[in-house]
S.K.: 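Starting off with a structure, shown below.
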Protein chains: 2
Amino acid sequence: MTKSSSRARITDVARVAGVSLATVSRVMNGNPTVDATLAARVRAVAADLGYTADPVARSLVLGRTQTVAVVIPDLANPTFQGILRGLSRAAADDDYHVLIADSAEQVDVEVGLVGTTRRRTDGVVLCAPRMSAADLAALLPSVTPAVVINRLPQEAAPTVSADYGTAMTQIIEHIHGLGHRRVAYLSGVAGSASGSARRAALEAARARHGDLDIVELAAGVGFDSGAAVADDVLATGATAVLAFNDLVAMGLLSTLAERGIRVPDDISVTGFDDIPFARYTTPPLTTAAVPAAELGQRAWAAMRALLHDHEPASAVLTPELVVRESTGPAPSH
Amino acid sequence: MTKSSSRARITDVARVAGVSLATVSRVMNGNPTVDATLAARVRAVAADLGYTADPVARSLVLGRTQTVAVVIPDLANPTFQGILRGLSRAAADDDYHVLIADSAEQVDVEVGLVGTTRRRTDGVVLCAPRMSAADLAALLPSVTPAVVINRLPQEAAPTVSADYGTAMTQIIEHIHGLGHRRVAYLSGVAGSASGSARRAALEAARARHGDLDIVELAAGVGFDSGAAVADDVLATGATAVLAFNDLVAMGLLSTLAERGIRVPDDISVTGFDDIPFARYTTPPLTTAAVPAAELGQRAWAAMRALLHDHEPASAVLTPELVVRESTGPAPSH
DNA sequence: CTGTTAGCGCGTTCAT
DNA sequence: ATGAACGCGCTAACAG
């Protein structure tokens with residue numbers, strides 16, 4: 001390879017190969033209407049010069065960047081990490097790049113973030129559990145193509161989501177089946193989309209089981225909120241507690257252990273998501289396995305369809321109940 | 001705001017405002033050499049049309065994309081997640097975007113990945129613990145500006161890293177101080193950069209303490225490798241085991257519990273990294289806290305300096321030993 | 001202070 | 001089958 005101080009442009013290749021710009025372009029893009037011998041010479045020169053078309057210039061003329069944006073509320077959350085990972089790898093398999101935008105839970109900047117990232121990409125995958133339904137609906141038409149994760153079906157974009165309601169039903173049935181009649185639900189932050197689905201499932205369970213008493217406690221979505229709410233939980237007299245997610249459950253487990261409360265003998269605890277660490281807690285956590293990476297992969301599939309003008313497939317994945325050792329029979333009286 | 005089927009271009013703004021392209025450009029870029037009244041009119045029109053300069057077109061003419069690439073070996077690894085998060089937020093504060101490239105541990109594609117992502121960005125932050133020193137040194141000059149994380153100091157790029165050697169020394173001194181004389185070291189995959197630093201620290205410890213016996217066991221970097229190597233660890237008769245990272249330690253802890261081995265009474269276990277979950281294991285893990293998010297933030301600081309033609313600051317962050325309950329005195333006898 | 005013009009690097013008609 | 005010329009949308013140098 002010939003050394004070059006600055007990177008080779010298409011002009012250089014054309015000059016060295018003794019052909020026109022157009023011919024080089026055609027060869028580089030695999031256009032078959034070029035004489036085989038000539039094409040070979042051009043390819044040789046290109047290889048020698050280490051030439052590759054400038055992606056930015058191509059983006060300008062082609063109107064596509066070969067990149068999609070992913071907007072995530074919190075890169076520290078294992079579920080979003082899983083989604084990002086699944087999406088990133090699936091996109092990479094199709095030679096697409098991923099621009100990440102961590103909104104850091106700032107709901108107010110989210111809308112703007114989606115808009116700006118969309119402009120430098122070909123589409124945006126939106127993970128915004130707390131954005132209002134109205135804001136979301138208003139935003140989507142202006143950023144198509146878009147794919148939405150874990151929200152209700154949308155007019156202007158396909159959605160890929162986990163069925164949090166069904167999963168919650170599985171959890172509550174599991175708990176009820178173990179004889180628990182008074183249970184606490186740690187509801188996470190207000191306004192989350194999946195939160196509504198869970199609450200509805202709980203409502204239905206209450207209706208189904210006249211003997212079931214569910215008390216809701218507001219908590220957050222991280223370790224600390226689970227740890228902080230432990231005493232309130234104990235005060236309710238519940239024999240089982242349904243945490244908003246695995247993180248909250250882990251925080252709770254930790255404080256419970258400090259208090260000398262035995263799980264599941266004294267109280268049962270369930271998580272949600274089945275993050276990789278859920279099986280390493282003490283005791284291992286009963287939880288609903290949300291297939292985060294697959295959500296990401298499906299989101300990419302929908303985005304790819306959109307980019308190719310195909311019909312995108314919305315998807316609803318059903319989490320699977322994973323019974324481990326943090327749940328057990330209700331203590332007899 | 002006036003509705004527009006397709007997005008407004010600078011031409012539209014110029015036409016509606018009755019000025020030239022150049023004037024619009026100047027106004028949008030805050031160039032003060034424009035009559036205030038005129039500028040106001042242009043701004044009004046731009047706002048009305050919802051105009052914002054096309055980032056791709058700007059990138060082409062300005063020669064910068066306002067984006068940096070981050071190459072990560074595994075998005076599923078909590079340490080890399082922390083680095084990515086710290087970097088992403090720091091970059092966002094400076095109005096820079098982040099393109100992620102998950103090499104999925106494919107060392108052979110890593111070099112190519114760095115090159116391609118570099119071309120659509122203004123620089124690349126490289127996290128490639130297993131790339132050979134030779135490949136790394138050969139690659140860097142072709143992708144400047146670049147910042148390297150967790151590798152030895154480089155000729156062609158600033159490095160930001162954690163001092164794994166010192167951290168390992170702290171760990172081994174802690175263990176030795178507890179009376180342990182025979183310890184096992186789970187060395188992770190071969191060829192990792194930080195692995196060498198740890199091994200050197202162990203070597204030095206061996207030289208310092210004539211009574212210290214360290215046996216090295218090859219393992220991986222995930223839960224499963226820790227779980228799988230448990231019996232081999234027990235076979236060594238070691239009273240303490242130093243895991244390559246927290247994940248390995250957690251896997252080990254899990255299998256040890258199944259075997260009825262008590263930690264730390266029968267055997268002490270240490271991790272490395274202090275991932276968020278390390279304090280929720282049973283028992284909570286003694287480990288060395290690697291400030292992943294800060295590594296990312298420092299990496300961005302170095303990159304920003306490079307982008308502004310300032311002198312970049314390499315950084316070496318010293319992990320802090322976090323003593324929790326997975327380590328205790330060596331069993332007597 | 002403002003407008004006209006020339007690229008940035010490439011893909012793509014339109015002739016030949 | 002090949003080349004010349006135009007344009008993607010914008011910024012910057014150069015006039016006026």
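Small disclaimer: the values here were computed from a predicted structure and weren't measured. Letters A, B, ... mirror the listed sequences (proteins, then strands); counts begin at 1.
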S.K.: Going by modelled atom types, is there a donor-acceptor pair between the base of C/dG3 and the side chain of B/Arg26 at under 3.5 Å?
M.R.: yes

S.K.: How long is the line joining CZ of A/Arg64 and C1' of C/dG9, in whole Å?
M.R.: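 Going from A/Arg64 (CZ) to C/dG9 (C1'), I get 16 Å.
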
S.K.: Is it true that B/Glu110 and B/Ser103 share a donor-acceptor pair across their side chains at a distance under 3.5 Å?
M.R.: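 Judged by distance alone, the side chains do pair up.
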
S.K.: Go through C/dC10, D/dA13, D/dA4 for me and flag the one nearest to the B/Ala22 side chain.
M.R.: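 Between C/dC10, D/dA13, D/dA4, the one nearest the side chain of B/Ala22 would be D/dA13.
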
S.K.: For a quick check of understanding: with a heavy-atom distance under 4.0 Å over all strands, which category does A/Val19 fall into, base, sugar-phosphate or nothing?
M.R.: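 Sugar-phosphate contact only - A/Val19 comes under 4.0 Å of backbone atoms but never of a base.
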
S.K.: Contact between A/Asn150 and A/Ser194 at the side-chain level, heavy atoms closer than 4.5 Å - yes or no?
M.R.: no

S.K.: For C/dC1, does OP1 or OP2 lie under 4.0 Å from any side-chain N or O of B/Thr33?
M.R.: no

S.K.: Atom CG of B/Leu21 to atom C1' of D/dA13: distance rounded to whole Å?
M.R.: 15 Å

S.K.: Using a 4.0 Å heavy-atom cut-off, does B/Val61 contact any base of the nucleic acid, only the sugar-phosphate backbone, or nothing at all?
M.R.: base

S.K.: OP1 or OP2 of D/dT11 sitting under 4.0 Å from any side-chain N/O of B/Arg58?
M.R.: yes

S.K.: Reckon A/Leu38 touches a base, only the sugar-phosphate, or nothing at all at heavy-atom distances under 4.0 Å?
M.R.: sugar-phosphate

S.K.: When the distance from CG of A/Leu60 to C1' of C/dC8 is rounded to whole Å, what number comes out?
M.R.: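 It works out to 9 Å between those atoms.
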
S.K.: Does A/Ala53 reach a base, just sugar-phosphate, or nothing at all? Heavy atoms under 4.0 Å.
M.R.: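 Since only primed, P, OP1 and OP2 atoms lie under 4.0 Å of A/Ala53, the category is sugar-phosphate.
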
S.K.: Please check the phosphate of C/dT2 (OP1 and OP2 only) for any side-chain N or O of B/Thr23 closer than 4.0 Å.
M.R.: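 Checking C/dT2 against B/Thr23, no side-chain N or O comes under 4.0 Å of OP1 or OP2.
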
S.K.: Please tell me which of B/Leu62 and B/Ala39 maps to the more 5' nucleotide of DNA chain C, matching each residue to the nucleotide holding its nearest heavy atom.
M.R.: B/Ala39

S.K.: Please lay out, stage by stage, how B/Arg151 and B/Asp135 fare under the test salt bridge (charged side-chain N to carboxylate O under 4.0 Å, His left out).
M.R.: CA-CA 13 Å; B/Arg151 301 282 310 217; B/Asp135 285 351; over 6 Å; no

S.K.: Taking A/Asp122 for its side chain and A/Thr65 for its backbone only, find out whether a donor-acceptor pair lies under 3.5 Å.
M.R.: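 Here the side-chain-to-backbone pair exists.
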
S.K.: Reading DNA chain C from 5' onward, which residue's closest nucleotide shows up sooner: A/Asp54 or B/Asp35?
M.R.: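 Taking each residue's closest nucleotide, the earlier one in sequence belongs to B/Asp35.
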
S.K.: Rounding to an integer number of Å, can you tell me how far A/Ile10 CD1 sits from C/dG11 C1'?
M.R.: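 Distance check: A/Ile10 CD1 to C/dG11 C1' gives 8 Å.
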
S.K.: In whole angstrom, what separates A/Arg9's CZ from C/dG7's P?
M.R.: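 To the nearest whole Å, that distance equals 13 Å.
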
S.K.: What is the separation between atom CE on B/Met28 and atom P on D/dT11, rounded to the nearest whole Å?
M.R.: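 Distance, rounded to whole Å: 9 Å.
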
S.K.: May I have the distance from B/Arg120 (atom CZ) to C/dC8 (atom P), rounded to whole angstrom?
M.R.: 21 Å

S.K.: Decide yes or no for A/Val13 and A/Thr11: does some side-chain heavy atom of the first lie under 4.5 Å from some side-chain heavy atom of the second?
M.R.: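 Counting from C-beta outward, A/Val13 and A/Thr11 never come under 4.5 Å.
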
S.K.: Tell me the interatomic distance from B/Asn31, atom CG, to D/dA13, atom C1', rounded to whole angstroms.
M.R.: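 These atoms are roughly 13 Å apart.
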
